[in-house]
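Numbering of ligands and ligand atoms starts at 1, following listing order. Residues: numbered from 1 along the sequence shown. Computation of the quantities below employed the complete heavy-atom set of this structure, encompassing side-chain atoms and omitting hydrogens, waters and symmetry-equivalent molecules.
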Amino acid sequence: MGKFQVIDHPLIQHKLTIIRDKNCGTKVFREVVDEIAMLMAFEVSRDMPLEDVEIETPIGKSVQKTLSGKKVAIVPILRAGLGMVDGILELIPAAKVGHIGMYRDHETLKPVEYFVKLPSDIATRQLFVVDPMLATGGSAIMAIDALKERGASNMKFVCLVAAPEGVKALQEAHPDVDIYVAALDEKLNEDGYIVPGLGDAGDRLFGTK
Ligand code: PRP
Ligand code: URA
């Protein structure tokens with residue numbers, strides 16, 4: 001089974017409270033999602049491999065550490081995952097970005113795939129699949145299926161708010177994928193929304209409804 005981690009740093013909990021508030025407007029919502037994604041990236045990237053490199057400081061020669069190994073790609077699940085990309089790029093500016101378009105049918109709650117565009121070397125990269133919400137888990141499972149079909153094998157799923165039902169479904173479908181969340185909420189309601197959650201993340205990010 002992959003790792004499951006709640007990244008509950010006080011700064012993250014504080015910022016999450018700001019965006020959970022229904023009175024938080026689009027501008028602040030977007031800014032704070034970005035900030036939380038950046039803070040999460042710090043922890044999600046903790047096991048990135050390092051290698052030695054010889055450099056010369058103003059004082060003399062020295063062997064120091066530099067990142068090595070697999071390069072990173074960030075894969076947001078559209079639309080709402082887009083809100084997390086820039087924050088992660090602040091920390092990992094060399095990452096490539098792939099896109100997977102997926103929406104949840106409001107009647108069936110089943111995800112529908114509508115767009116996939118990925119870096120050509122996806123199979124050799126460490127992927128951070130990002131989406132603010134993990135509800136039933138359907139969208140994340142289908143997105144990771146789509147990535148595996150295209151050769152990806154090394155993936156971490158990063159979300160802001162998860163329901164226990166979604167975590168369980170994703171772990172069962174993709175036990176090789178590590179899951180990082182900022183908060184594990186109580187449950188799903190009868191409409192498939194996370195309780196207490198933050199509502200419809202895509203609508204709140206982009207001001208649609
Ligand atoms: C939301 C969210 C996830 C999905 C989670 O997207 O961003 O992708 O729902 O639900 P699930 O775990 O039950 O699949 P939505 O379908 O609202 O699309 P949007 O981002 O384009 O608004
Ligand atoms: N998608 C959202 O945007 N919010 C939820 O609570 C569940 C699915």
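- Residue Arg204 places every heavy atom at 4.0 Å or more from ligand 2.
- At the top of the distance list for atom 14 (O) of ligand 1, counting protein heavy atoms only, stands Ser139 OG, 2.6 Å.
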inquiry  = What verdict does the salt bridge (charged side-chain N to carboxylate O under 4.0 Å, His left out) test give for Lys15 and Asp34, after you've listed the backbone C-alpha separation in whole Å, the side-chain angles of each residue and the deciding distance to 0.1 Å?
reply    = CA-CA 10 Å; Lys15 288 176 191 293; Asp34 213 49; over 6 Å; no
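- Close approach to Gly138 involves these atoms of ligand 1, each under 4.0 Å from a residue heavy atom: 12 (O), 14 (O).
- Per-atom contact check: atom 16 (O) of ligand 1 touches the protein, criterion being a heavy-atom distance below 4.0 Å.
- In this structure, CG on Leu147 lies 10.5 Å from OG on Ser153, to the nearest 0.5 angstrom.
- For atom 22 (O) of ligand 1, the closest non-hydrogen atom on the protein side is Arg79 NH2, 2.8 Å.
- Less than 4.0 angstrom separates some heavy atom of Gly137 from each of these atoms of ligand 1: 11 (P), 12 (O), 13 (O).
- Proximity to Gly192 (heavy-atom distance under 4.0 Å) selects the following atoms of ligand 2: 7 (C).
- The distance from ligand 1 to the heavy atoms of Ala80 drops below 4.0 Å at these ligand atoms: 7 (O), 20 (O).
- Distance check on atom 1 (C) of ligand 1: every protein heavy atom falls at or beyond the 4.0 Å cut-off.
- In this structure, Arg204 contributes its side chain and Phe29 its backbone to no donor-acceptor pair below 3.5 Å.
- The shortest N or O to N or O distance between Ile194 and ligand 2 is below 3.5 Å.
- Taking 4.0 Å as the cut-off, Asp131 counts as a neighbour of ligand 1 on heavy-atom distance.
- Against a heavy-atom cut-off of under 4.0 Å, Arg104 is close to the following atoms of ligand 2: 7 (C), 8 (C).
- The pair Asp203-Arg79 meets the salt-bridge criterion, since a charged nitrogen lies less than 4.0 angstrom from a carboxylate oxygen.
- Judged by distance alone, the side chain of Asp185 and the main-chain N or O of Ala162 form no donor-acceptor pair under 3.5 Å.
- Distances below 4.0 Å separate heavy atoms of Ala201 from the following atoms of ligand 2: 2 (C), 3 (O).
- Here the straight-line distance linking atom CD of Gln126 with atom NZ of Lys156 works out to 5.0 Å at 0.5 Å rounding.
- With hydrogens and angles disregarded, no donor-acceptor distance shorter than 3.5 Å links the side chain of Arg46 to the backbone of Phe42.
- At a threshold of 4.5 Å between non-hydrogen side-chain atoms, the residues Leu160 and Met133 do not count as touching.
- A distance of 10.0 Å separates CE in Met48 from OG in Ser68, rounded to the nearest 0.5 Å.
- Counting atoms of ligand 2 from 1 in the listed order, those under 4.0 Å from a heavy atom of Gly199 are 2 (C), 3 (O), 4 (N), 5 (C), 6 (O).
- Given atom 5 (C) of ligand 2, the protein heavy atom at minimum distance is Tyr193 CD2, 3.4 Å.
- The protein non-hydrogen atom at the shortest distance from atom 10 (O) of ligand 1 is Arg104 CD, 3.1 Å.
- A heavy-atom separation below 4.0 Å is not found between Gly197 and ligand 2.
- Distance CD1/Ile18 to CG/Asp21: 9.5 Å, rounded to 0.5 Å.
- Residue contact annotation: Ala163 has no non-hydrogen atom under 4.0 Å from ligand 2.
- Heavy-atom proximity to atom 13 (O) of ligand 1, evaluated over Thr136, Leu78, Leu188, is greatest for Thr136.
- The protein heavy atom nearest to atom 5 (C) of ligand 1 is Met133 O, 3.6 Å.
- Looking at Thr57, its side chain does come within 3.5 Å of a backbone N or O of Gly60 through a donor-acceptor pair.
- Within ligand 2, the atoms closer than 4.0 Å to a non-hydrogen atom of Ala135 are 7 (C), 8 (C), numbered from 1 in the order shown.
- Side chain of Arg125 to backbone of Ile74: no donor-acceptor contact under 3.5 angstrom is found.
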ask   = Step by step, would you call His174 with Asp145 a side-chain hydrogen bond (donor to acceptor under 3.5 Å, both in side chains)?
value = CA-CA 9 Å; His174 295 293; Asp145 282 340; 3.1 Å; yes
